[in-house]
Amino acid sequence: MGSILNPLYTAVSWVMITFHDLLSFTNNEDLQWSVGIIGLVILIRIILIPLFVKQIKSQRALTALQPHMKAIQKKYKDDRQKQSEEMMKLYKEHKTNPFASCFPILAQAPIFFALFTVLNGISQNRPHGLLKGEYLISAQQASFFGAPLSGTFLGSSDGITKIISIVLIIFMSATTFTTQRQLMVKGMPKMDSSNNMMLQQQKIMLYLFPVIFAVTGVNFPVGVLIYWSTTNLWTWGQQYYVIKRNPTPGSPAYEELQRKKIEKGVIPNPDEATSGDTALEEPKGQRKQPKKKKKKR
Amino acid sequence: MKKFTLDLVNKYQKYISVGRPQKCKYYPSCSNYTSLAIEEFGAKGLLMGLWRLIRCNPFSNGGVDYPSESSRDRLKERLSA
């Protein structure tokens with residue numbers, strides 16, 4: 001297993017060492033190694049941005065398919081299998097698939113595993129990739145707010161390591177929680193009753209994830225916890241940006257943005273635009289509120 | 001071995017992927033596909049599942065893709081169960 005991952009060890013350690021060396025002017029080994037890990041996350045996530053943008057773009061392209069999708073939902077409303085099949089066929093036909101795809105998630109696992117091994121190697125004095133010799137010794141002594149990067153909650157008797165681990169685990173849980181909640185409350189189109197079960201499961205997971213983090217996190221070196229926390233923070237920020245600036249059509253955040261745009265006069269008010277035609281049938285007076293779908297939560 | 005891998009996929013669906021937004025570009029999803037394939041083809045099915053995972057990448061357009069003709073009905077049974 002080790003030999004297959006060797007190139008990854010080299011890559012991971014190279015990035016860490018490069019960031020470490022770039023900051024050598026600070027003369028602060030603790031900062032240099034911590035930034036090495038954070039830099040690794042940022043680099044990976046920057047590389048992944050084009051994929052993310054591509055996915056968002058295809059999600060937005062769905063607006064044009066909305067009538068087709070509604071028709072499919074109506075036609076096969078009692079057969080979810082057929083409904084999903086027809087949806088997928090529609091996406092394929094229009095070469096626009098809103099889903100992120102499975103492989104990138106799978107591909108990230110070895111990177112995470114490699115980082116885990118490299119950081120674990122520091123504590124056990126085992127060199128991995130380019131992290132050897134003087135670098136290994138200096139990394140061994142580096143700490144994050146007083147907690148050694150290679151220390152774990154369970155593996156150390158040191159109080160500060162335990163405290164920093166707990167703080168990072170709480171931070172990881174909190175960011176995951178808010179990211180998921182943000183998506184559920186604001187970012188997703190409102191669900192119909194057929195998806196209610198999924199929503200229920202989602203709610204359970206929302207509260208279960210922090211528990212899972214707490215159980216697994218106590219075995220992870222502080223360096224891995226930093227990596228994980230940074231990734232979560234990035235994910236949250238990325239999602240926050242998208243929900244604010246470019247929300248999924250049909251989601252509460254989208255309706256909010258449309259309302260703001262109407263207020264600012266960026267886009268015409270659909271109700272006012274049609275009011276000329278409907279004036280005869282509808283008594284004028286109160287302005288009609290933008291259409292609001294029934295809430296089912 | 002067959003039971004173990006099927007169990008693994010099942011555990012993944014039950015504890016890891018549940019409650020997360022859909023990622024898969026295909027129908028059935030990669031995990032459902034893999035589980036159907038292993039059920040029918042054994043070790044070859046596992047390889048089919050891995051190949052499907054590789055195909056499910058940012059450059060593919062997804063679509064409907066079952067491991068076999070008969071697996072569609074088996075999935076239907078699972079869904080209605």
Side-chain angles (χ1 to χ4, degrees), chain A residues 48 50-59 78-107 109 176 179-181 183-184 187-189 191 195 197-209 211-212 239 248, chain B residues 5 8-39 45-81:
Chain A
L48 288 175
L51 297 185
F52 183 69
V53 170
K54 190 173 179 284
Q55 187 206 340
I56 295 290
K57 274 193 181 150
S58 21
Q59 275 177 1
D78 300 318
D79 187 350
R80 282 194 63 195
Q81 189 178 20
K82 189 79 189 149
Q83 189 182 314
S84 310
E85 282 177 7
E86 291 300 318
M87 286 286 194
M88 282 300 181
K89 272 185 203 158
L90 182 73
Y91 299 147
K92 194 177 180 180
E93 227 172 79
H94 291 82
K95 290 193 165 55
T96 173
N97 196 307
F99 301 114
S101 72
C102 303
F103 186 71
I105 310 158
L106 197 74
T176 311
T179 304
Q180 264 223 308
R181 227 189 112 72
L183 184 70
M184 278 169 61
M188 287 196 300
M191 303 229 178
N195 285 336
M197 211 182 79
M198 208 182 101
L199 200 68
Q200 276 306 316
Q201 284 176 327
Q202 241 164 10
K203 274 190 185 150
I204 294 169
M205 288 319 281
L206 193 62
Y207 297 97
L208 205 62
F209 265 117
V211 179
I212 294 172
Q239 185 181 281
T248 313
Chain B
T5 43
L8 217 63
V9 178
N10 197 349
K11 287 262 156 59
Y12 164 79
Q13 295 189 318
K14 217 168 161 186
Y15 297 109
I16 300 179
S17 85
V18 71
R20 291 166 177 259
Q22 180 177 348
K23 288 266 157 52
C24 192
K25 292 191 154 181
Y26 287 92
Y27 189 85
S29 68
C30 288
S31 53
N32 272 332
Y33 177 98
T34 308
S35 140
L36 289 169
I38 295 172
E39 209 175 70
L46 183 65
L47 290 178
M48 288 167 73
L50 287 177
W51 176 234
R52 161 64 109 73
L53 267 171
I54 294 170
R55 282 185 292 138
C56 189
N57 63 52
F59 304 100
S60 88
N61 285 316
V64 180
D65 172 38
Y66 287 97
S68 70
E69 289 273 324
S70 67
S71 54
R72 188 182 183 275
D73 295 328
R74 274 187 291 132
L75 182 66
K76 197 181 196 104
E77 269 166 43
R78 277 193 204 181
L79 288 175
S80 59

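Fair warning: this is a prediction, and the values are worked out from it, not measured in the lab. Letters go in sequence order (proteins before strands), and every chain restarts at 1. FYI, side chains are in, hydrogens and waters are out, and symmetry mates aren't considered; it's all heavy atoms of this structure.
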Using a 3.5 Å distance criterion without hydrogens, assess whether the side chain of A/Ser58 forms a donor-acceptor pair with backbone atoms of A/Asn97. yes

Any donor and acceptor pair, going by atom type alone, linking the side chain of B/Asp73 with main-chain N or O of B/Ser70 inside 3.5 Å?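 Looks like no, no N/O pair under 3.5 Å.
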
Nearest heavy atoms of B/Tyr33 and B/Met48, plus distance in Å: CE2-O, 3.6 Å

Greatest number of heavy atom pairs closer than 4.5 Å to chain A - which of B/Asp65, B/Ile54, B/Asn61, B/Val64: B/Asn61

Over 12 foreign heavy atoms within 6.0 Å of NZ, A/Lys54: yes

Can you tell me which portion of A/Leu90 sits under 4.5 Å from chain B's heavy atoms? Options are side chain, backbone, both or neither.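 Contact with chain B: none, neither part.
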
Leading residue by heavy atom contact count with chain B [cutoff under 4.5 Å; candidates A/Glu85, A/Lys95, A/Lys92, A/Glu86]: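 Highest number of pairs under 4.5 Å: A/Glu85.
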
Of the backbone (N, CA, C, O) and the side chain (C-beta and beyond), which part of B/Leu53 lies under 4.5 Å from a heavy atom of chain A, both, or neither? both

Atom group of B/Arg72 that falls short of 4.5 Å from chain A, counting heavy atoms: both

Determine whether A/Phe99 and B/Cys24 satisfy the following criterion, side chain to side chain contact (heavy atoms under 4.5 Å, CB included), listing intermediate values before the conclusion. CA-CA 6 Å; A/Phe99 301 114; B/Cys24 192; 6.0 Å; no

